[in-house]
Number of protein chains: 2
Amino acid sequence: MGRAVKRSPDGGDARRERWRAHREARREEFVDATIRALTKHGPEVGMDEIAAEAGVTKPVLYRHFADKSDLYLAVGQRGTDLLMNRLKPALVDDGTPYERIYRAVDSYLATIEEFPELYHFVVRRSFTDKPVETDIATEDKRIIANTLARLLGDYLRAFDMDSGGAEPWAHAAVGMVQSAGDWWLERQSMTRQGLSDYLTKIIWFAVDGLLRSGGITIDPQTPLSLEANPPLRLVPGKTPPAKTQGETGDDRRARG
Amino acid sequence: MGRAVKRSPDGGDARRERWRAHREARREEFVDATIRALTKHGPEVGMDEIAAEAGVTKPVLYRHFADKSDLYLAVGQRGTDLLMNRLKPALVDDGTPYERIYRAVDSYLATIEEFPELYHFVVRRSFTDKPVETDIATEDKRIIANTLARLLGDYLRAFDMDSGGAEPWAHAAVGMVQSAGDWWLERQSMTRQGLSDYLTKIIWFAVDGLLRSGGITIDPQTPLSLEANPPLRLVPGKTPPAKTQGETGDDRRARG
DNA sequence: GATTAGTGTTACCGGAAGTAACGGTAACTC
DNA sequence: GAGTTACCGTTACTTCCGGTAACACTAATC
């Protein structure tokens, strides 16, 4: 049993580390293939079809993903990243309050307009059977809502207002935009700009009312920068641990 | 092929009609069983388990429902009915604008609080595989949103305002409440009343702002009755045709 | 008594998720 | 360059579950 080569004394075996990037890349590649397969065959794709689209066979897929849910979760993560990468600048960049709301709303709508299949897959009954827990859409909404809640809470605190409402407010706003966006995407009976305008107005009215009821009045058209811009903290790591599930080779113990 | 007895000249065969109520009742009975099975085994119940819960075997189930989706759709319909029956009075009954919004929001929250399992099943990744089209949660939201849109549109028209915004507005509001409710149900970090208050405020601010921007001002605390109460029309039939799928006995051509 | 429209059963089919078992290759370590 | 690690990939299976076929019984209507 004397394992001849195990790990070099200083630093660890290079071979172990060497593959991690590769595995990660491979996962992404498979996510790409899944999305392609998804748009090609519809949301009821089989694993065989996905594998075929990736140019491999099923077992290969299963070396990188514990099960179908895991794969779909990764697809969802892709969507989240995509969206957050667009939402982040919209929220962070300078501008009047009104502008910032508008930018955020519009970049959301622009994103779902650009990737409707992915959006539908993620948001609507995405999963097959397994996971009712690991729900991507709900997860995504929570991530966005939390980000927004933090941002909002910071503002409220800066105004010496009760920040307790930030969280429900954020979830409400996210749900609002998501729901309206969903409706819009389905029957595009108005322009994107029209809807963005509209939603921005609603949000602004709500924000304004809320602030007024706290005795604060701000001008939607004046760039506000509280203490040299708000301390915006986004979600910790944009690509979280990612459940690499199986450091070492073929061992994968799926199904909990 | 001479069908001996078919239909009596006047009125039609009684046997045909006799069973319709019965079949309907049976369906409801199975929906009950499904909900029981759902809360017992979680959202991944098998048809066998559902059938067992109902005290029968699978084929019996399949005589009343085309497939699993159809059954789940009926469960969703149950939820919709439940909710709409509570929402309707909240919206229709008299009161100040503020009260009416509050009642509607609060009865929604009360309903999901009372039936959390059903709610979760309907709203979160409800389905197994088949139907991505027939999505109950989306369907329900649309029904509610449409009702609201109609109500709102009538008001806007009564104020001689552009009623084009009613639809996005309704979807936005529904999504907002749904999303905030979802968050609340999960981690009940505030009282229901607190959230209802909060959401009502938000909605009111938005409504008020919208009206003001159209040059109209109304008092949230004065009961408004435009022309002896608004012409509220709810959805056509609360229990729609229901896809009785198969007038005659065993014929069921499932799967499209 | 024939017919209709149900009640129900057991035993099976078929498809798709997931697995076992096998073999090949690149590269790092000694 | 021998040994080892950690991938690449395959074909052929098993398992599970949604759905079906075939068959038998009952109650009311005509």
Side-chain angles (χ1 to χ4, degrees), chain A residues 1-27 29 41 44-52 54-72 127-130 246-255, chain B residues 2-26 29 44-52 54-72 127-131 246-255:
Chain A
M1 272 111 155
R3 281 93 131 251
V5 182
K6 192 53 207 296
R7 78 203 69 101
S8 53
D10 59 322
D13 192 334
R15 281 171 295 192
R16 193 177 207 85
E17 196 59 21
R18 216 192 78 86
W19 287 109
R20 291 191 42 164
H22 180 60
R23 280 186 67 84
E24 196 61 32
R26 208 81 211 286
R27 261 178 84 101
E29 183 186 313
H41 300 101
E44 297 177 31
V45 215
M47 286 302 259
D48 284 306
E49 290 167 305
I50 295 175
V56 295
T57 49
K58 257 193 302 177
V60 178
L61 224 50
Y62 279 99
R63 287 221 191 73
H64 294 268
F65 299 92
D67 55 14
K68 203 176 185 180
S69 318
D70 190 26
L71 173 57
Y72 281 6
F127 275 102
T128 44
D129 17 55
K130 287 302 149 53
E247 303 276 13
T248 80
D250 276 13
D251 96 303
R252 94 203 67 97
R253 65 244 129 65
R255 165 170 28 285
Chain B
R3 282 91 134 252
V5 182
K6 191 53 204 293
R7 77 202 67 102
S8 55
D10 57 320
D13 193 334
R15 281 171 296 190
R16 192 178 208 88
E17 195 58 22
R18 216 192 80 83
W19 288 108
R20 292 192 42 164
H22 180 59
R23 280 186 65 85
E24 195 61 32
R26 208 80 210 286
E29 182 187 314
E44 297 178 34
V45 215
M47 286 302 259
D48 285 306
E49 290 168 305
I50 295 175
V56 295
T57 49
K58 258 194 302 178
V60 178
L61 224 49
Y62 278 99
R63 285 218 262 276
H64 294 268
F65 299 92
D67 53 15
K68 204 175 186 182
S69 318
D70 190 26
L71 174 58
Y72 281 5
F127 273 101
T128 42
D129 19 52
K130 288 300 151 54
E247 302 277 10
T248 80
D250 273 15
D251 96 302
R252 92 200 71 90
R253 64 245 129 65
R255 163 174 28 285

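Naming: A, B, ... by sequence-line order, numbering from 1 per chain. What you see is a predicted model; the values in this text were computed from it and never measured.
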When rounded to whole Å, the CZ to C1' distance for the pair B/R23 and C/dT7 reads 12 Å
Kindly indicate whether the side chain of A/R63, heavy atoms from C-beta on, has any atom under 4.5 Å from the side chain of A/V56. no
If you compare every side-chain N and O of B/R26 against the phosphate oxygens of C/dT7 (OP1, OP2), does one of them come in below 4.0 Å? yes
Separation of A/H41 atom NE2 from C/dG15 atom P, in whole Å? 16 Å
For A/H22 and D/dC7, what is the distance between atoms NE2 and C1' respectively, to the nearest whole Å? 7 Å
For A/H41, what residues pass the ring-ring contact (aromatic ring centres under 6.0 Å, His included) criterion, not counting sequence neighbours? none
Rounded to whole angstroms, how far apart are CG on B/D70 and P on D/dG18? 15 Å
Can a donor-acceptor pair be found, under 3.5 Å and without considering hydrogens, that links the side chain of B/R23 to the backbone of B/H64? no
Holding to salt bridge (Lys or Arg N to Asp or Glu O under 4.0 Å), I want the full list of residues that pass it with B/E49, two or more places apart in sequence or in another chain. none
Using every non-hydrogen atom in the two residues, find where A/D70 and A/F65 come nearest and quote the distance to one decimal. OD2-CA, 3.5 Å
Given atom CD of B/E49 and atom C1' of D/dG18, what is their separation to the nearest angstrom? 13 Å
Using whole Å, report how far OH of A/Y62 lies from P of D/dC8. 17 Å
Can you tabulate the close N/O pairs, meaning under 3.5 Å, that link protein atoms to atoms of nucleotides 9-13 of chain C?
residue, atom, partner, partner atom, Å
C/dT9, OP2, B/T57, N, 2.9
C/dT9, OP2, B/T57, OG1, 2.1

Measure NZ/A/K68 against P/D/dT15 and give the value in whole Å, please. 21 Å
Could you tell me if the side chain of B/L61 sits less than 4.5 Å from the side chain of B/K68, heavy atoms only? no
Rounded to whole angstroms, how far apart are CE on A/M47 and P on C/dG15? 19 Å
Closer than 4.0 Å, any side-chain N/O of A/H64 to the OP1 or OP2 of D/dC7? no
